[in-house]
Peer 1: 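Provided herewith is a single structure, encoded as structure tokens, for subsequent inquiry.
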Protein chains: 2
Amino acid sequence: MAEVVDLRSRAVLPIGTVMTLTALSARQIRYYEKQGLVHPQRTAGNHRMYALNDVDALIDIKDQLASGLSLDDIKRLRKPRQPVNETSDAAVRQALRAELLNQSRMNQNPSGPSVSQGFGFRP
Amino acid sequence: MAEVVDLRSRAVLPIGTVMTLTALSARQIRYYEKQGLVHPQRTAGNHRMYALNDVDALIDIKDQLASGLSLDDIKRLRKPRQPVNETSDAAVRQALRAELLNQSRMNQNPSGPSVSQGFGFRP
DNA sequence: CCAATGATGTCAGCTTATCTGACATTCGGG
DNA sequence: CCCGAATGTCAGATAAGCTGACATCATTGG
């Protein structure tokens, strides 16, 4: 009984909800959008509306940022145009750097698992 | 990996979204709430926030209303305190009436299947 | 038949949520 | 030291939501 539209891809969440679900600020969410990392729909009144998939994507972005990657890095990882081209060495170094950083500074990262399976977390 | 809180029961949807998801008016949704049939949470700013479970409940209510039941009938069906007590005959007549009505006037009911399935897992 | 009731529409006045754009801040690396 | 990336914050404007009241329209019990 497949639904007409899968709920996971249906834009039903306002930015306020996404803020609490991702623990990101509205500023951050909008900024990531400007960087082309998420593409929320808009209501007739121009308000952003997100799907669960967007929430997952944002959580991934957050994790990747926390692991030391830059938004540009993440952008590239999202679009595997070609596996990696000329400037690969730079990218590799980036990744390595991220790896190292991730190891050494396992800082405060209360961001739970992806919302996908069961949405939230929170006692 | 059960989540602390299942997405299905997490209040993340504003009433506008619920309106489109259920094809009910805000007036109807709020009225059903006043009748004790749904219990949305509230934001700090007093805005209602619904969970997917609420959406399903509302769709059920809509179907039952369309089948001829009254909100009071639906209320009783929700709380099977005791199967049926003193005033059962009245309830029975209600049910019968609903049955008949349901048969005769299979009117317009474009409400798709429950939204339930399709939100919480990935294809 | 008629008044009472249930379900819904609609409007007004108000508060909250979100939007955009601009300026400020912080921090790491060349 | 300066620059750019990422984020905070504030102001002014619009959309979205809230409550309460009055209107409408069937149904139904008397």
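Predicted, not measured: the structure shown is a model, and the values here were computed from it. Basis for what follows: all heavy atoms, side chains included, without hydrogens, waters or symmetry-related copies. Lettering follows sequence order; numbering is per chain, from 1.
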Peer 1: Looking at side-chain heavy atoms only, is the closest gap between B:I59 and B:L21 below 4.5 Å?
Peer 2: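 Side-chain contact under 4.5 Å: no.
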Peer 1: Rounded off to whole Å, could you give me the NZ-to-P distance for the A:K34 and D:dG4 pair?
Peer 2: 17 Å
Peer 1: Grab the NZ-P distance between A:K62 and D:dT7 for me, whole Å please.
Peer 2: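 Taking NZ of A:K62 and P of D:dT7, I get 11 Å after rounding.
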Peer 1: Ignoring hydrogens and geometry beyond distance, is a side-chain donor-acceptor pair present between B:Q28 and B:S25 at under 3.5 Å?
Peer 2: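 Checked: B:Q28/B:S25 side chains pair up, N/O donor to acceptor below 3.5 Å.
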Peer 1: What string of B, S and - do you get for nucleotides 6-20 of chain C 5' to 3' if you count protein non-hydrogen atoms under 4.0 Å?
Peer 2: SBBBB-----SSSSB
Peer 1: Whole Å only: how far is the CG atom of B:L13 from the P atom of D:dA16?
Peer 2: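 My rounded result for the distance is 16 Å.
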Peer 1: Going by heavy atoms in the side chains, are B:Y32 and B:L24 under 4.5 Å from each other?
Peer 2: yes
Peer 1: Compare every heavy atom of B:L58 with every heavy atom of B:V18, then report the nearest pair and how far apart it is.
Peer 2: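 Taking B:V18 first and B:L58 second, the nearest heavy atoms are CG1-CD1, 3.5 Å.
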Peer 1: Side-chain donor-acceptor pair under 3.5 Å between A:S9 and A:D6, yes or no?
Peer 2: no
